[in-house]
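Have a look at the structure below, then the notes.
All residue numbers in this chain count up from 1 along the given sequence. In what follows, every heavy atom counts, from backbone to side chain, and hydrogens, waters and symmetry copies are set aside.
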Amino acid sequence: MSSDHAHEDAPPLTEDIAPGTAADPAVGGPDRATVTVDGVEVTVAAGSTLLDAVEAVDTADSVPALCSYDRQEIGPRSECRTCMVETEADGIVPACSHPAEDGMAVSTDAEAAAEARDVNLDLVLSNHNLRCTTCGKNGRCELQDAAIDEEVEEPRYGVLDDREEYEPLDDTSSFIQIDRNKCILCNRCVDACNDVQVEGVLRMEGSGQDTRIGFQSDAETMEDSTCVSCGHCATVCPTGSLVEKGIEDATTIPLPGFTQKNSIGKSVESSGRSKGPMTPKKRDADRCESGDPSANGSTPNAPAAEDVADDGWAGFEGGEWP
């Protein structure tokens with residue numbers, strides 16, 4: 001094989017895709033499929049997953065599927081593995097990403113599948129801030145619902161409190177609050193930010209136990225990121241990790257001397273400066289398209305960020321830089 005031919009057969013390069021962005025392949029086949037779930041036959045549409053079939057019947061066991069959103073082309077990511085089921089053909093598989101194929105037989109109450117779901121749910125809970133009473137998503141949290149359904153009284157791998165590894169609450173944005181101590185790394189927010197809103201603000205960064213929500217711009221806080229405050233990330237978050245400001249305490253149960261903010265010990269507050277009507281990334285992109293020579297980070301007519309709060313920009317409500 002010549003080197004030229006080998007080059008032609010090489011897969012497309014992907015080095016321009018930053019880690020943590022969404023690039024999930026499509027799942028499911030082109031045809032409708034009839035699947036048997038716990039002895040009940042169900043026919044699902046083309047492109048469906050086993051989770052679609054499982055959710056179409058009254059199953060023997062509950063299947064949480066915490067990282068699955070199933071709307072707006074978000075996921076599946078098969079990250080949390082709380083949706084494991086047993087199939088005759090392929091053994092134990094994640095239902096959210098396994099394609100539904102005609103003639104498949106699925107069991108939700110198989111012992112190995114149930115044990116896999118329990119173990120993975122406990123692993124998710126072990127890295128979560130379990131202070132539900134002081135969480136704004138109390139009573140409307142998918143992780144809380146799953147733990148109640150599975151009758152989890154104490155996660156077998158401990159909880160975040162045991163390890164005292166709390167991260168500061170990012171309270172710097174005027175619109176979105178980030179509490180990484182409640183993040184289950186489901187990637188829903190990353191998909192919504194990158195694939196649906198196409199803003200490219202969020203990503204998952206780090207590896208192993210250091211994996212966390214980060215920013216494509218390497219910003220340290222939400223205030224310093226290129227976030228446009230659309231709020232889609234908070235809408236799809238299954239827990240209280242990303243919450244819109246103003247409702248972050250909506251369902252908190254007040255305890256004396258114990259609020260959502262002080263429950264984790266420390267929070268990073270807003271600097272109080274305005275970011276102007278457009279974020280720098282959007283502004284530069286817009287100027288590049290219009291051929292403005294001041295693009296590529298050089299904005300001589302725009303005030304410096306540190307001066308914005310003092311020169312009347314704090315009251316500016318829309319439009320482009322003058």
Side-chain angles (χ1 to χ4, degrees), residues 9 11-12 14 17 20-124 142-143 145-150 184-198 204 232 235-239:
D9 290 343
T14 57
I17 299 177
T21 58
D24 303 302
V27 296
D31 302 319
R32 291 166 62 85
T34 297
V35 178
T36 302
V37 180
D38 295 338
V40 179
E41 279 195 355
V42 58
T43 300
V44 293
S48 296
T49 65
L50 288 183
L51 183 61
D52 296 319
V54 167
E55 291 180 341
V57 302
D58 185 13
T59 57
D61 276 14
S62 64
V63 179
L66 289 169
C67 69
S68 174
Y69 190 65
D70 195 30
R71 294 186 293 278
Q72 304 167 350
E73 299 183 355
I74 294 177
R77 279 307 192 96
S78 203
E79 298 283 352
C80 68
R81 302 280 171 145
T82 56
C83 64
M84 306 300 282
V85 295
E86 184 172 279
T87 65
E88 286 185 354
D90 302 315
I92 307 297
V93 298
C96 75
S97 60
H98 199 88
E101 298 174 353
D102 202 44
M104 291 189 75
V106 178
S107 174
T108 64
D109 60 349
E111 183 176 351
E115 176 64 11
R117 290 197 301 273
D118 288 346
V119 167
N120 292 330
L121 178 59
D122 281 353
L123 286 170
V124 172
E142 294 179 38
L143 178 59
D145 290 343
I148 293 171
D149 287 343
E150 299 302 318
I184 63 171
L185 305 179
C186 67
N187 272 279
R188 287 188 190 181
C189 59
V190 176
D191 285 9
C193 182
N194 296 314
D195 284 2
V196 181
Q197 296 297 331
V198 201
M204 287 294 170
H232 204 155
T235 301
V236 303
C237 180
T239 70

Would you check if the side chain of [X] reaches a backbone N or O of [Y] as a donor-acceptor pair within less than 3.5 Å?
{"X": "Thr108", "Y": "Asp61", "answer": "yes"}
{"X": "Asp195", "Y": "Asp191", "answer": "no"}
{"X": "Thr87", "Y": "Gly91", "answer": "yes"}

Is there side-chain contact between [X] and [Y], with at least one heavy-atom pair below 4.5 Å?
{"X": "Glu86", "Y": "Ile92", "answer": "yes"}
{"X": "Leu123", "Y": "Arg81", "answer": "no"}
{"X": "Val42", "Y": "Thr34", "answer": "no"}
{"X": "Ile184", "Y": "Leu143", "answer": "yes"}
{"X": "Cys186", "Y": "Pro238", "answer": "yes"}
{"X": "Leu185", "Y": "Met204", "answer": "yes"}

Q | Contacts of type side-chain contact (heavy atoms from CB on, under 4.5 Å), residue Ala192, not counting sequence neighbours | A | Ile74, His232, Val236
So, for [X] and [Y], which heavy atoms are closest and what is the spacing to 0.1 Å?
{"X": "Cys67", "Y": "Cys80", "value": "N-SG, 3.4 Å"}
{"X": "Leu51", "Y": "Cys96", "value": "CB-CA, 3.7 Å"}
{"X": "Val57", "Y": "Val40", "value": "CG1-CG1, 4.0 Å"}
{"X": "Arg117", "Y": "Thr82", "value": "CD-O, 3.3 Å"}
{"X": "Ser48", "Y": "Ala45", "value": "OG-O, 2.6 Å"}
{"X": "Arg188", "Y": "Cys237", "value": "NH1-C, 4.5 Å"}

If I take atom [atom1] from residue [X] and atom [atom2] from residue [Y], how far apart are they, to the nearest 0.5 angstrom?
{"X": "Glu101", "Y": "Asp31", "atom1": "CD", "atom2": "CG", "value": "11.0 Å"}
{"X": "Thr239", "Y": "Leu66", "atom1": "OG1", "atom2": "CG", "value": "9.5 Å"}
{"X": "Cys189", "Y": "Asn194", "atom1": "SG", "atom2": "CG", "value": "9.0 Å"}

Q) Would you say the side-chain atoms of Ser107 and Asp109 include a donor-acceptor pair closer than 3.5 Å? A) yes
Q | Verdict with supporting geometry, Val93 and Val85, side chain to side chain contact (heavy atoms under 4.5 Å, CB included) | A | CA-CA 6 Å; Val93 298; Val85 295; 4.1 Å; yes
